[in-house]
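A short worksheet on the structure shown next.
Below, read A as the first sequence line, B as the second, and so on, with proteins coming before strands; counting in each chain starts at 1. Values below: every heavy atom of this structure, side chains too, minus hydrogens, waters and symmetry copies. Here the structure is a predicted model, which is why all the values come from computation and not from measurement.
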There are 2 protein chains.
Amino acid sequence: MNGHVENPRWFSLQDLYSLPAVTVPALLECAGNKRKLFEPEVYGEQWEKGAISQGYWTGVRLKTLLEVTGIKAGAAEVVTEGMDRGKKPGTEGTVSFVRSLPLEKALHEDTIIAYAHNNQPIPFKLGYPLRLIVPGWYAMASVKWLRQIRVSEEPFTGPFQTEDYVYYPEKDSDEGAFPVTEIKTDSSILQPVQRDILPSGTHTIEGIAWSSTGGIDRVEVSTDGGSSWSEAEHNPDQEGYHWTRWSLEWPDVQPGEYTILSKAVDASGGTQPETAFWNRNGYGYNAVDRVEVKVKE
Amino acid sequence: MNGHVENPRWFSLQDLYSLPAVTVPALLECAGNKRKLFEPEVYGEQWEKGAISQGYWTGVRLKTLLEVTGIKAGAAEVVTEGMDRGKKPGTEGTVSFVRSLPLEKALHEDTIIAYAHNNQPIPFKLGYPLRLIVPGWYAMASVKWLRQIRVSEEPFTGPFQTEDYVYYPEKDSDEGAFPVTEIKTDSSILQPVQRDILPSGTHTIEGIAWSSTGGIDRVEVSTDGGSSWSEAEHNPDQEGYHWTRWSLEWPDVQPGEYTILSKAVDASGGTQPETAFWNRNGYGYNAVDRVEVKVKE
């Protein structure tokens, strides 16, 4: 921990274990989740619904570490660096994965330096030995393989902050660009799956819904392409930032073709748009979810 | 083994082990491979490029068993039944997976009753203990968990023969329907992947090509959406029905957007169409393969 702090210092794993531990039920969603669904299509990994996970992360609040070192007046951001390095198209030489957080988010009580995932050491691919966990933001903020933290006075302008993980609304210019931060309220239909063929009779439509705070007020589901909507039942025991499971009985379905839609409404009234906000790099897709099925006799 | 044979009898695993063994390098492709690529979209599992595999299958020729039992005059088909049973939308009661082969294909020297896969007992999901292997046909013909074989005089009309695994060219009628049989000549671009973002410079385009006989004469690749084509290098050591690996160096690529196409030509001149033959159940997609990439500086 260095930069604009009173007492720069190294923290060993033992140091971290000796500080007060907190466990945060966190959801990690790749900013590119559902990228494949954008129209017109965009470049980048063609994620469908699967770039999302959740678990219990245990560690020390970043705020606790900053209290130990002290923050000098004029500090603006906390810059975190991972151990992953490599070549990056469009950037010279070798670059590390470095991201910054505004001071307010860095000091949030759920922003932690995690050393455990589901009560085990963090698996290597998920960031062993230490991972910054920033609940409520897309997962690029939760820097893996954490090696260094620096407090800065200036806004950080590394390529993973100012080139990637930026919403570019225009195909051919950078006009109107702004950074990717909070997770958008969203839902996914998990059952039935896209283009499924079902027998006639009664079915259960199931899925998940999530938001940047974890709070979901309700999930509305349509089985007629949006002409009419019903409120799904949802699990009242959702924890922390985790997603909420929801389901709706779909009784006595007759043969035909159906378009099922789901739409989450979060605790502050935020919801999903009919059409996703198109952006060149394909981040933050959260349009009303859609599954088409055919019911046979 | 029963039905229209001279000497109906049971074959134990020991009986099979004692008959002459053959090993066939076979490719198994689900008839629904690439189903997701059809336009207009069709119902059914939304396979992309992954519903294909290959391996070495060892067992006894079906022909050898038929020589043991003898075939009566007038025999037309060999009907094979798997142990998998269940409910099927559109069909009453419980049905088994049963398929038939015309006598000529049943007697082909590469059509075998396999008891080993890659020199090991067949994994359960792949058909343990016995699987019919019908190289050159889509994989529905290679009946898993084989329990019974019957020689028949009449064409078999079970639902997996006359409802599923049928090409229906019309959306709303069964007119012009015909059965799914031989694998169509096809190729897949495996590297780069769809909507990849690449650095400028030299790249290698890689993929596989296959046909119902395994024979591939050449693979043509375009990096400009089909305006010009180059012949890829392909592996001359392809075995049996296995796919052929191919690659093409793509030198000094400048920033821009590119459409890469691949087209296999088999040993008898058969090739891939520009647009796949649309059919309601989405079988046999083999249009020219297509990957769009963006090259950055």
Side-chain angles (χ1 to χ4, degrees), chain A residues 32 34-50 86-95 159 163-165 168 171-172 174 189 192-203 253-260 280-283 285 290-297, chain B residues 32 34-50 86-95 159 163-165 168 171-172 174 189 192-203 253-260 280-283 285 290-297:
Chain A
K34 303 192 180 185
R35 179 182 280 134
K36 188 163 186 169
L37 304 177
F38 277 104
E39 290 176 22
E41 288 178 57
V42 297
Y43 293 93
E45 195 149 347
Q46 298 294 292
W47 291 112
E48 299 189 41
K49 296 181 184 180
K87 297 217 168 258
K88 181 177 189 305
T91 305
E92 295 264 317
T94 303
V95 292
E163 292 171 22
D164 290 353
Y165 306 112
Y168 294 106
K171 185 177 190 318
D172 298 314
D174 291 355
I189 301 163
V193 297
Q194 174 65 349
R195 293 275 158 182
D196 220 348
I197 299 170
L198 306 173
S200 55
T202 296
H203 293 277
V253 190
Q254 299 300 308
E257 299 187 6
Y258 296 88
T259 297
I260 305 171
R280 190 167 79 215
N281 289 350
Y283 294 124
Y285 186 99
R290 182 185 181 97
V291 163
E292 289 142 322
V293 299
K294 181 174 179 170
V295 175
K296 287 184 124 176
E297 263 164 44
Chain B
K34 304 193 180 183
R35 179 181 282 135
K36 189 165 185 168
L37 304 177
F38 277 105
E39 289 178 20
E41 288 177 57
V42 297
Y43 293 92
E45 195 148 348
Q46 298 295 291
W47 291 110
E48 299 189 42
K49 296 180 185 181
K87 298 219 165 257
K88 182 176 188 306
T91 306
E92 295 265 315
T94 302
V95 291
E163 292 171 21
D164 290 354
Y165 306 113
Y168 294 106
K171 185 176 189 320
D172 298 313
D174 292 354
I189 301 162
V193 297
Q194 172 65 348
R195 293 276 158 182
D196 220 347
I197 299 169
L198 306 173
S200 55
T202 296
H203 294 278
V253 190
Q254 298 302 306
E257 300 186 6
Y258 296 88
T259 297
I260 305 171
R280 190 168 80 215
N281 289 350
Y283 294 125
Y285 186 101
R290 180 186 181 95
V291 162
E292 290 142 320
V293 300
K294 182 173 178 171
V295 175
K296 287 184 123 176
E297 262 163 45

Report summary line: Answer key: most heavy-atom pairs under 4.5 Å with chain B among Gln46(A), Glu297(A), Glu45(A) is Gln46(A)
**Report entry** Contact class of Val42(B) relative to chain A, heavy atoms under 4.5 angstrom
**Finding:** backbone
Report summary line: Bottom line for Val295(A): the part with an atom under 4.5 Å from chain B's heavy atoms is neither
Report task. Please say whether more than 12 non-hydrogen atoms of neighbouring residues, nucleotides or ligands are located less than 6.0 Å from CZ in Arg290(B). Result -> no
Query raised in the report: Of all of Arg35(B), Lys88(B), Glu48(B), Lys296(B), which one pairs up most often with chain A through heavy atoms under 4.5 Å apart?
Result: Glu48(B)
**Report entry** Contacts of type side-chain hydrogen bond (donor to acceptor under 3.5 Å, both in side chains), residue Lys171(B), not counting sequence neighbours
**Finding:** Glu257(A)
Query raised in the report: What part of Lys294(A) lies closer than 4.5 angstrom to a heavy atom of chain B: side chain, backbone, both or neither?
Result: both
Query - Separation between CG of Asp196(B) and CD of Glu292(B), rounded to the nearest 0.5 Å - result: 12.0 Å
Query raised in the report: Does Leu37(B) reach the side chain of Lys49(B), with side-chain heavy atoms less than 4.5 Å apart?
Result: no
Report task. Examine whether an atom of Lys36(B) lies under 4.5 Å from a heavy atom of chain A, and if so say whether it belongs to the side chain, the backbone or both; otherwise answer neither. Result -> side chain
Report summary line: Contacts of Tyr258(A) meeting ring-ring contact (aromatic ring centres under 6.0 Å, His included) (sequence neighbours excluded), chain-then-number -> Trp250(A)
